[in-house]
Amino acid sequence: MNGRTTTAGGGSGHKIAYDPMDLETRSEEAELPKLTLMEEIILLGIKEWGLLSFWNDNISYTLRGCIVMELALRGRIAVIRDPNRRRFPLADRYIEVVDEKMTGEVLLDEALKMMKVSERMSIGSWVDLMSGETWNVMKIGYQLKQVRERLAKGLVDKGVLRTEKKNFLLFDMATHPVSDPTFKDDVLRRVLNLLAARTAAVPSSSLYPESVKYRTIRAVCMVCSAFAANVLENALVHLSYDQRELAFSKCDELLQEFSQWPFGRIQTGPVVVGQSGTTGNADATAGANLAEITRLAKLEANAGNDLQLEVVAGVISILSRMDSLL
């Protein structure tokens, strides 16, 4: 181990050995939320009795897209820097591993190892391969299996969920109801503040503090993934019909704005102000609020690492074309 020593007590001669890797790990952890994108989608999808819907075919594919986005947001993968790449759609642009350091999350590390030893492939190809959506039998080994169950068990280890056995007619089944509602409440609050509040915002909390890197972009990735995975409605059940429709409309706008690179700009219509001073164009007001989210995301993107965020835009472009959104 390439450890280092430092003198303690103002030069008293006592030395403390430390591993520089520990400091790097702590620094990265301070920039990460408590849950990954995949875990947040699982939490939104889990019903009160601790099961995901049996009829939801979109969540598995979306979770693989979240794995790719999470690796990009953590600086592990990026689009290959090639000027000719702009001739191709975002989903067809090739990605490469730029940092081989393990993340400590089993699924992320498994995907990272595969990307490291494989030939370079496009964003869309990796999502397809990890989902098993491929006709190439030579690459069937890239499929990530039992992702939902492994994520649920990971949340059990973190104390977010618990494991129970319930009897369903002729057989017993393991379920994972929520054990600590604090985590799910935090995710729900973020969704509602982005999509249902009068002014779109990303709230801070102990689970999602201001120190989180790409905190606005992460929040957008979460709501877009929830929409694609058909679990967003679970966060909006207490809203009225009109409020839900407006929330879905806002999410659709976010999908459009963040499925292009650089991130787009929301175009809003004229705001009609009545005699009472209220706006007569609710959609324009919603667009103005989401434009602020786009502006904050652009500020985060301008901080550098544009090739990593290009991967995020590529995955969102894939999610925006899924059947559930048509």
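Computed from a predicted structure; not experimentally measured. Numbers for residues simply follow the sequence, beginning at 1.
Listed for the Asn302 side chain is a donor-acceptor partner under 3.5 Å among the backbone atoms of Lys298. Checking side-chain atoms of Arg215 against main-chain N and O of Tyr208 turns up a donor-acceptor pair under 3.5 Å. Using a distance-only test at 3.5 Å, with no hydrogens or angles considered, no donor-acceptor pair links the side chain of Lys213 to the main chain of Glu31. Counting only distance, with no hydrogens or angles, the side chain of Glu300 and the backbone of Thr216 share a donor-acceptor pair below 3.5 Å. In this structure, Arg218 contributes its side chain and Leu37 its backbone to no donor-acceptor pair below 3.5 Å. The backbone N or O of Arg93 sits nowhere less than 3.5 Å from a side-chain atom of Arg85 that would complete a donor-acceptor pair. Of the possible polar contacts, none joining the Ser118 side chain to the Met115 backbone as a donor-acceptor pair under 3.5 Å is found. Thr175 places a side-chain N or O within 3.5 Å of a backbone atom of Glu164 that can act as its donor or acceptor partner.
Considering Leu319, Thr36, Leu309 in turn, Leu319 is the only one that fulfils the side chain to side chain contact (heavy atoms under 4.5 Å, CB included) rule with Met69. A side chain to side chain contact (heavy atoms under 4.5 Å, CB included) with Ile41 is found for exactly one of Leu35, Leu232, Val231, namely Val231. Checked options Leu112, Ile123, Leu307, Val98; the residue passing with Ile77 is Leu112 (criterion: side chain to side chain contact (heavy atoms under 4.5 Å, CB included)).
Atom OH of Tyr94 sits in a sparse spot, with 12 or fewer heavy atoms from other residues, nucleotides or ligands closer than 6.0 Å. Crowding of Glu96 atom CD: a count of heavy atoms from other residues, nucleotides or ligands under 6.0 Å exceeding 12. Applying the 6.0 Å contact sphere to CZ of Arg81 captures no more than 12 heavy atoms from other residues, nucleotides or ligands.
Taking OG from Ser211 and CD from Glu29, the interatomic distance works out to 11.5 Å, rounded to the nearest 0.5 Å. Rounding to the nearest 0.5 angstrom, the gap separating the CG atom in Leu254 from the CG atom in Leu195 is 6.5 Å. Distance CE/Met322 to OG/Ser225: 9.5 Å, rounded to 0.5 Å. Once rounded to the nearest 0.5 Å, the distance linking CD of Gln256 with OG of Ser317 reads 13.0 Å. How far CG of Leu192 is from CD of Gln243: 9.5 Å, rounded to the nearest 0.5 Å. Between the CD1 atom of Ile318 and the CG atom of Asp128 there is a distance of 7.0 Å, given to the nearest 0.5 Å.
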### Task
Go through Arg76 and Glu70 one step at a time and tell me if the salt bridge (Lys or Arg N to Asp or Glu O under 4.0 Å) criterion holds.
CA-CA 9 Å; Arg76 300 305 195 271; Glu70 188 71 44; over 6 Å; no

### Query
Could you go step by step and tell me if Ile95 and Met121 meet the side-chain contact (heavy atoms from CB on, under 4.5 Å) rule?
CA-CA 6 Å; Ile95 56 179; Met121 289 187 286; over 6 Å; no

### Task
Let me see the working for Leu108 and Met38 under side-chain contact (heavy atoms from CB on, under 4.5 Å), right down to the final yes or no.
CA-CA 10 Å; Leu108 294 179; Met38 303 85 71; 3.8 Å; yes

### Task
Might you work through the side-chain contact (heavy atoms from CB on, under 4.5 Å) test for Val187 and Met222, ending with a clear yes or no?
CA-CA 9 Å; Val187 178; Met222 184 265 290; 4.0 Å; yes

### Task
Starting from the C-alpha separation in whole Å, work towards a yes-or-no answer on side-chain contact (heavy atoms from CB on, under 4.5 Å) for Ser249 and Glu253.
CA-CA 6 Å; Ser249 176; Glu253 288 185 34; 4.2 Å; yes

### Task
Mind running side-chain hydrogen bond (donor to acceptor under 3.5 Å, both in side chains) on Asp242 and Ser240 for me, showing each step along the way?
CA-CA 6 Å; Asp242 290 339; Ser240 67; 5.5 Å; no

### Message
Go through it in stages, so that I can follow the logic: the residues are Lys250 and Glu245, the test is salt bridge (Lys or Arg N to Asp or Glu O under 4.0 Å), and I'd like the CA-CA distance, side-chain angles, deciding distance and then a yes or no.
### Response
CA-CA 9 Å; Lys250 286 183 178 181; Glu245 288 302 303; over 6 Å; no

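Between Gly314 and Leu90, the shortest heavy-atom distance links the atoms CA-CB, 3.7 Å. The minimum heavy-atom distance linking Met130 with Ala111 is given by the pair SD-CB, 3.8 Å. Contact record, Glu110 with Leu144: OE2-CD2, 3.1 Å, taken as the closest heavy-atom pair. Nearest heavy-atom pair across Leu44 and Ala226 is CD1-CB, 3.8 Å. Residues Leu161 and Ser179 share a closest heavy-atom pair of C-CB, 3.7 Å. Taking each heavy atom of Val191 and Ala235 in turn, the nearest pair found is CG1-CB, 3.9 Å.
When side chains are defined from C-beta on, Glu40 does not count as touching Lys34, because their heavy atoms never get closer than 4.5 Å. Counting heavy atoms from C-beta on, the side chains of Cys221 and Ile316 come closer than 4.5 Å. Annotation: side chain of Pro89 is in contact with side chain of Asp92 (closest heavy-atom distance under 4.5 Å). A heavy-atom distance below 4.5 Å is found between the side chains of Arg148 and Leu52. A 4.5 Å side-chain heavy-atom check between Ser259 and Ser320 finds at least one atom pair inside the cut-off. Ile42 has its side chain within reach of Leu63: a pair of non-hydrogen atoms, C-beta onward, lies under 4.5 Å apart. A heavy-atom distance below 4.5 Å is not found between the side chains of Leu207 and Pro33. Side-chain atoms of Asn234 and Leu188, non-hydrogen and from C-beta on, never get closer than 4.5 Å to each other.
Hydrophobic clustering of Ile, Leu, Val, Met, Phe, Trp and Tyr side chains at less than 4.5 Å, counting indirect connections, keeps Ile80 apart from Leu129. The hydrophobic cluster containing Tyr214 also contains Leu71, counting ILVMFWY residues as joined when their side-chain heavy atoms lie under 4.5 angstrom apart, directly or transitively. In the hydrophobic clustering of this structure, Met102 does not group with Val106; members are Ile, Leu, Val, Met, Phe, Trp, Tyr whose side-chain heavy atoms approach within less than 4.5 Å, directly or through other members. A continuous path of hydrophobic side-chain contacts links Val315 to Val147 [ILVMFWY only; heavy atoms under 4.5 Å]. Both Met114 and Val127 are members of a single hydrophobic cluster when ILVMFWY side chains are connected at heavy-atom separations under 4.5 Å.
Salt bridge status for Lys158 with Glu39: present, with a side-chain N to carboxylate O gap under 4.0 Å. Between Asp109 and Lys113, none of the side-chain N atoms (NZ, or NE/NH1/NH2) sits under 4.0 Å from a carboxylate O, so this pair counts as no salt bridge.
Using the six-membered ring where Trp is involved, Trp126 and Tyr142 have ring planes that are perpendicular, over 60° apart on the 30 and 60° scheme.
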